[in-house]
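Notes to accompany the following structure.
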Amino acid sequence: MTSHEGARRAASAEAAGTFVLCFDLDGPSGDALVSGELWDKPGFFCQGAYGPHRAVPRILGILRELGIRATFFTPGWVVRTWPELCLRIREEGHEVSGHGDLHEQFFGRPAEEQREVLESAQASFLSVLGERAEGFRAPSGDYDPATPALLAEAGYTYSSSLRSGDRPFLRRDAPLVEIPAKSMFDDYAYFAYHRAPDFPRGLDRVASYRTTFATWALEARAAAAEGLTTASIWHPKVIGTPGRLIELERFLAGLLEEGAVRFRTAREVARECGEERA
């Protein structure tokens with residue numbers, strides 16, 4: 001057993017709070033793919049494909065070394081396009097969960113179109129991974145009022161889409177567990193700016209790596225001290241550069257060595273929440 005593995009077990013046994021390590025494996029999916037613009041602008045594809053091609057293998061190596069399991073929210077199109085990678089993620093003990101099909105927006109989309117998106121994504125999971133996704137994260141966190149019931153209909157048992165708090169809860173509008181994510185743990189707000197395309201609009205700098213991770217560490221520790229749950233919104237194509245991953249490894253190793261949190265996959269948290277309230 002490595003020292004990291006021993007620390008992980010101690011944290012799991014003693015820590016009051018939970019950290020749900022989540023990566024949104026968008027790849028090049030998103031509005032440009034939905035509209036078809038992706039195929040006219042190679043830069044869009046290349047920037048998105050950096051996640052599956054270069055970042056995810058690095059992230060998996062760090063998680064393997066630390067003995068931490070994560071949840072990768074993945075659009076159906078990415079599962080179809082990088083099937084070997086998605087199989088590898090699962091084979092290394094991580095969870096692959098749903099994230100739309102082409103990373104579509106759900107808010108305002110007719111219910112029948114939402115149903116088609118969810119069914120297409122689940123068909124890809126079943127075809128490539130041999131099982132349907134249990135969980136779902138709405139792209140950009142934008143639920144539609146009809147979405148929860150459609151998720152349950154499509155076989156999902158939990159969602160990590162809302163930004164409504166720091167404790168998992170059972171939804172009233174559908175038989176789903178909701179695991180709120182934290183907007184402050186979205187790496188786009190700190191690291192994603194680039195010039196072409198200009199996104200995110202209005203963000204004209206990249207934040208200090210060390211300062212950002214120090215802020216995240218303080219928030220994770222403070223939440224854990226109150227017995228709360230923190231779920232990240234990290235994107236391999238954003239957080240997965242060599243320099244940022246040095247800080248990510250330090251961040252995770254520090255929480256492990258302190259025994260500050262229990263690391264859980266989103267599926268584990270959802271199942272625990274369901275059992276507690278059964």
Could you tell me whether a side-chain N or O of [X] sits under 3.5 Å from a main-chain N or O of [Y], the two making a donor and an acceptor?
X      : Y      : answer
Arg244 : Val238 : yes
Asp187 : Trp234 : no
His94  : Ile89  : no
Glu268 : Thr265 : yes
Gln122 : Ala154 : yes
Arg221 : Ala260 : no
Thr230 : Phe19  : no
Asp24  : Asp26  : no
His99  : Arg137 : yes
Glu104 : Leu102 : yes

Test side chain to side chain donor-acceptor pair (under 3.5 Å), reference Ser124, set Arg132, Arg80, Glu119, output is Arg80
N-O pairing of Glu84 and Arg88 below 4.0 Å:
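The answer is no: the pair does not qualify as a salt bridge.
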Strictly by modelled atom types, are [X] and [Y] linked by a side-chain donor-acceptor pair under 3.5 Å?
X      : Y      : result
Gln114 : Thr147 : yes
Tyr190 : Thr215 : no
Thr229 : Arg167 : no
Tyr50  : Thr241 : no

Return the [atom1] to [atom2] distance between [X] and [Y], rounded to the nearest 0.5 Å.
X      : Y      : atom1 : atom2 : value
Glu134 : Thr157 : CD    : OG1   : 4.5 Å
Ile68  : Leu255 : CD1   : CG    : 8.0 Å
Leu248 : Trp216 : CG    : CH2   : 8.5 Å
Tyr188 : Ser183 : OH    : OG    : 14.5 Å
Thr212 : Glu247 : OG1   : CD    : 9.5 Å
Leu256 : Leu66  : CG    : CG    : 6.0 Å

Identify, with sequence neighbours excluded, every residue that meets side-chain hydrogen bond (donor to acceptor under 3.5 Å, both in side chains) alongside Thr71.
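Testing Thr71 for side-chain hydrogen bond (donor to acceptor under 3.5 Å, both in side chains), a comparison that skips the adjacent residues, returns Glu95.
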Is [Y] reachable from [X] through a run of hydrophobic residues whose side-chain heavy atoms are each under 4.5 Å from the next?
X      : Y      : answer
Leu87  : Phe72  : yes
Ile246 : Leu60  : no
Leu228 : Ile179 : no
Phe263 : Phe185 : yes
Ile233 : Val206 : no

Can you find a pair of side-chain heavy atoms, one from [X] and one from [Y], that are under 4.5 Å apart?
X      : Y      : answer
Tyr158 : Cys273 : no
Leu63  : Leu252 : yes
Phe73  : Pro139 : no
Ser160 : Val20  : no
Pro242 : Arg58  : yes

Determine, step by step, whether Val56 and Phe23 satisfy the side-chain contact (heavy atoms from CB on, under 4.5 Å) criterion, reporting the C-alpha distance in whole Å, the side-chain angles of both residues, the deciding distance to 0.1 Å, and the verdict.
CA-CA 10 Å; Val56 171; Phe23 296 95; over 6 Å; no
Test side-chain contact (heavy atoms from CB on, under 4.5 Å) applied to Phe106 and Val117, step by step:
CA-CA 9 Å; Phe106 278 73; Val117 167; 3.8 Å; yes
Assess whether side-chain contact (heavy atoms from CB on, under 4.5 Å) is satisfied between Leu118 and Phe136, documenting all intermediate values.
CA-CA 10 Å; Leu118 295 172; Phe136 173 84; 3.8 Å; yes
May I ask you to check whether His103 and Trp77 place their ring centres under 6.0 Å from each other?
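Centroid separation for Trp77 and His103: 6.0 Å or greater.
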What verdict does the side-chain contact (heavy atoms from CB on, under 4.5 Å) test give for Tyr143 and Ser159, after you've listed the backbone C-alpha separation in whole Å, the side-chain angles of each residue and the deciding distance to 0.1 Å?
CA-CA 10 Å; Tyr143 257 0; Ser159 162; 2.5 Å; yes
In terms of heavy-atom contacts, Ala149 and Ala174 come closest through N-CB, 3.9 Å
